[in-house]
Amino acid sequence: MTIQTFTSYLESLSKTASRNEMTVVLAKLLSKSSSDEVDKVCYLLLGRLTPKFEGIEFQMATKSMIKVIALAYGSNVDEVTKIFKQKGDLGVVVAQLQPKADRPLADVGKRAHQGEPLQITTVYDKLLKIALEEGSGSVERKIFGFSELLKSLDPLSAKYMVRIPVGALRLGFSDMTLLDALSWMAMGDKSLRKLLENAYNVSADIGLIAKAFKEKAGKGIVHLKATPGIPIRPQQAERLGTAEEMIEKLGTSVAEWKLDGFRVQVHIISSKLKIKSSKFKTQRKQMQLGEKRSDKEVQIFSRSLENTTHMFPEIVGEFRKLDVGSAILDGEAIGYDPKTSKHLPFQETIQRKRKHGISDIAQKIPLRYYAFDLLSLNGESFLEVPFNERRKKLAELFEKKGKKLDPKTVTIAEQVIVSTPEALRKQFDESVKQGFEGIMVKKREAVYTAGARNFNWVKFKHMGVGKLADTLDCLVMGYYAGQGKRSGFGIGAFLVKV
DNA sequence: ATTGTCTGCCCC
DNA sequence: ATTCTGC
DNA sequence: GCAGAATGGGCAGACAAT
């Protein structure tokens, strides 16, 4: 598939408002893609080059892309910046600048116009090469490389490629719609969405799923299940205003303290569990990244599925002691004061989010992991098991014989059963008194709906700064130019003085 | 070395 | 993370 | 109610500039 064909689909998608229509268009695009292209097509549609947990970023955004455009079209940073402020979208800036670029039109988009059309895989490879540039001089190489790429593209492709690194594709759909489209491609309806979503939830690599689906239809993905080493998309919580609504919606439920730390998914991988599929190259990479070879590997993933194992040496160390083959746990990690053992505010905990000097900061700000869910144990997935049973298994895991885990570093989240709004409020008041962020209220019968935000879990938080008062007297000091939809209005946000 | 600028599907 | 919008 | 777009505050990483 040529890049022109691809971007003509993007153009038609951006003009489509109905998600159902988008699904049909996407299905056609996916069906026209070869199985060698379809993974790259998926990543590009979502404004990326690889799945999140690969950790490959452009390290380019608005400022860099303005330089790219200036360089490619013989303009300058001031002029491009000025047009960008008017239009609010670098893609539109490119569309405007391209026709009057000072280099001859025959040179701009030359190959595209002279019977040597650029393939989408070629463009993808160039983008990847730019993203992978690092070290001294890499900023310059990225900017020069991208400007060369732009010059080789037809106007429409240039418009969309520029939007990718700045994260401004804004096509109006995302991963879930793409899964619908895969189903539509095969069946002409959304009947396979559940199957595809299930595969995606336990193996959050949409390109891999599209490819497997394309090659072997349903059979290619149906075997995918929760696998230690591959992150599971975390369940998220909804919000409700009152305790009454919560009890009405969830019935008798379970309350846990809401901790203001990092969401942490712990994977324990037995060395006996060899990786079977060679397709999971990321997994192999992660295995190599593991601290050192031992009988037990521990990998940790963030809420956004980044591999953040390096941030949590003390938690990794504790879980290595656990007498278990393999397991996946969900929980929250929060910093504490080593003297008083009290929890620290998020601003302190966040200092653990770093790559270098972890052992130094770990002395100052040790972390404690509160496990609240068990998603898989010794190869058996618990995603479809009701919460109260998962919780029972989790407790059993912590009571196992063998080396005891240090409760200062790894412990299990406390629970209280609540069946009335009064009891819920009492628990909430107690949480505030003890300095927690509030409580999490969870439905006891609910399965773990990976990746979804629903009323299986509800957060009961005290009112934040935004709710201190309903009104506030302000003085308008200025405004910011809006982007995307807000660019037409001219104002994206006001700067005010209280 | 130190300081400045830009970036992050960042973390919340 | 929150808030808003279209469907 | 879902999915997606557009916002914020604050922190550390990666280079560039000095």
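Order of the sequence lines fixes the chain letters, A, B, ..., with proteins taken first and strands second; residue numbering starts at 1 for each chain.
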A.B. asks: Taking NZ from A:K364 and C1' from D:dA12, how many angstroms apart are they, rounded to a whole number?
C.D. replies: 13 Å
A.B. asks: Please report the distance, rounded to the nearest Å, between CD in A:E238 and P in C:dT2.
C.D. replies: 10 Å
A.B. asks: Kindly state each residue pair satisfying ring-ring contact (aromatic ring centres under 6.0 Å, His included) with at least one member in residues 353-372 of chain A, sequence neighbours excluded.
C.D. replies: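 For residues 353-372 of chain A: A:F319-A:Y369, A:H343-A:Y370, A:F372-A:W457.
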A.B. asks: Output all residues satisfying side chain to side chain contact (heavy atoms under 4.5 Å, CB included) with A:V447, sequence neighbours left out; order by chain, then residue number.
C.D. replies: A:E384, A:T449
A.B. asks: Examine distances only and state if a side-chain atom of A:S183 and a backbone atom of A:D189 form a donor-acceptor pair shorter than 3.5 Å.
C.D. replies: yes
A.B. asks: Determine the Euclidean distance between corresponding P atoms of C:dT2 and B:dC10; express it in Å to zero decimal places.
C.D. replies: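 My reading of the P atoms in B:dC10 and C:dT2 gives 15 Å.
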A.B. asks: For D:dA16 versus B:dC9, give the span between their C1' atoms, rounded off to a whole number of Å.
C.D. replies: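 Here D:dA16 and B:dC9 have their C1' atoms 26 Å from each other.
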A.B. asks: Counting just side-chain N and O atoms, does A:R170 come under 4.0 Å of either OP1 or OP2 of D:dG4?
C.D. replies: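 Checking A:R170 against D:dG4: no side-chain N or O falls below 4.0 Å of OP1 or OP2.
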A.B. asks: Grab the CE-P distance between A:M22 and D:dC2 for me, whole Å please.
C.D. replies: 19 Å
A.B. asks: Below 4.0 angstrom from OP1 or OP2 of D:dA3, is there any side-chain N or O of A:R19?
C.D. replies: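 Checking A:R19 against D:dA3: no side-chain N or O falls below 4.0 Å of OP1 or OP2.
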A.B. asks: Nearest whole Å is fine: how far is B:dT5 P from A:I143 CD1?
C.D. replies: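 So the two atoms are 16 Å apart, to the nearest Å.
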A.B. asks: Report yes or no: is the cationic atom of A:K258 (NZ for Lys, CZ for Arg) under 6.0 Å from the centre of the six-membered ring of A:F436, at an angle within 45° of the ring normal?
C.D. replies: no
A.B. asks: Counting the atoms with a prime plus P, OP1 and OP2 as sugar-phosphate, which does A:L171 contact under 4.0 Å by heavy atoms, base, sugar-phosphate, or nothing?
C.D. replies: sugar-phosphate
A.B. asks: Report the residues that fulfil ring pair (Phe, Tyr, Trp, His ring centres under 6.0 Å) with A:F146, sequence neighbours left out, ordered by chain and then residue number.
C.D. replies: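 Not a single residue meets the ring pair (Phe, Tyr, Trp, His ring centres under 6.0 Å) criterion with A:F146.
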A.B. asks: Taking only the side-chain nitrogens and oxygens of A:R193, find out if one of them lies under 4.0 Å from OP1 or OP2 of D:dA3.
C.D. replies: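 Indeed, a polar side-chain atom of A:R193 lies that close.
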A.B. asks: How is the base pairing of DNA chain D summarised as a dot-bracket string, given the Watson-Crick and G-U wobble criteria with both distances under 3.5 Å, [ ] for crossing and | for another strand?
C.D. replies: ||||||||||||||||||
A.B. asks: CG of A:N20 versus P of C:dC7: gap in Å, rounded?
C.D. replies: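 After rounding, the reported distance stands at 11 Å.
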A.B. asks: When the distance from NZ of A:K459 to C1' of C:dT3 is rounded to whole Å, what number comes out?
C.D. replies: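 A:K459 atom NZ is separated from C:dT3 atom C1' by 13 Å.
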A.B. asks: Can you measure A:L179 atom CG to D:dC2 atom P for me and round it to whole angstrom units?
C.D. replies: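 That distance rounds to 16 Å.
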A.B. asks: Hey, does the side chain of A:S157 reach the backbone of A:L153 with a donor-acceptor pair shorter than 3.5 angstrom?
C.D. replies: no
A.B. asks: What string of B, S and - do you get for nucleotides 6-12 of chain B 5' to 3' if you count protein non-hydrogen atoms under 4.0 Å?
C.D. replies: SSBBSBS
A.B. asks: Decide whether a cation-pi geometry holds between A:R163 and A:Y160; the criteria are a distance under 6.0 Å from NZ or CZ to the six-membered ring centre and an angle within 45° of the ring axis.
C.D. replies: yes
A.B. asks: Write down the protein N/O and nucleotide N/O pairs, taken from nucleotides 15-18 of chain D, whose separation is under 3.5 Å; answer none if there are no such pairs.
C.D. replies:
unit_1 : atom_1 : unit_2 : atom_2 : d
D:dC15 : OP1    : A:G135 : N      : 2.7
D:dC15 : O5'    : A:G135 : N      : 3.4
D:dC15 : O5'    : A:G135 : O      : 3.4
D:dA16 : OP1    : A:G137 : N      : 3.3
D:dA16 : OP1    : A:V139 : N      : 3.4
D:dA16 : OP2    : A:G137 : N      : 2.9

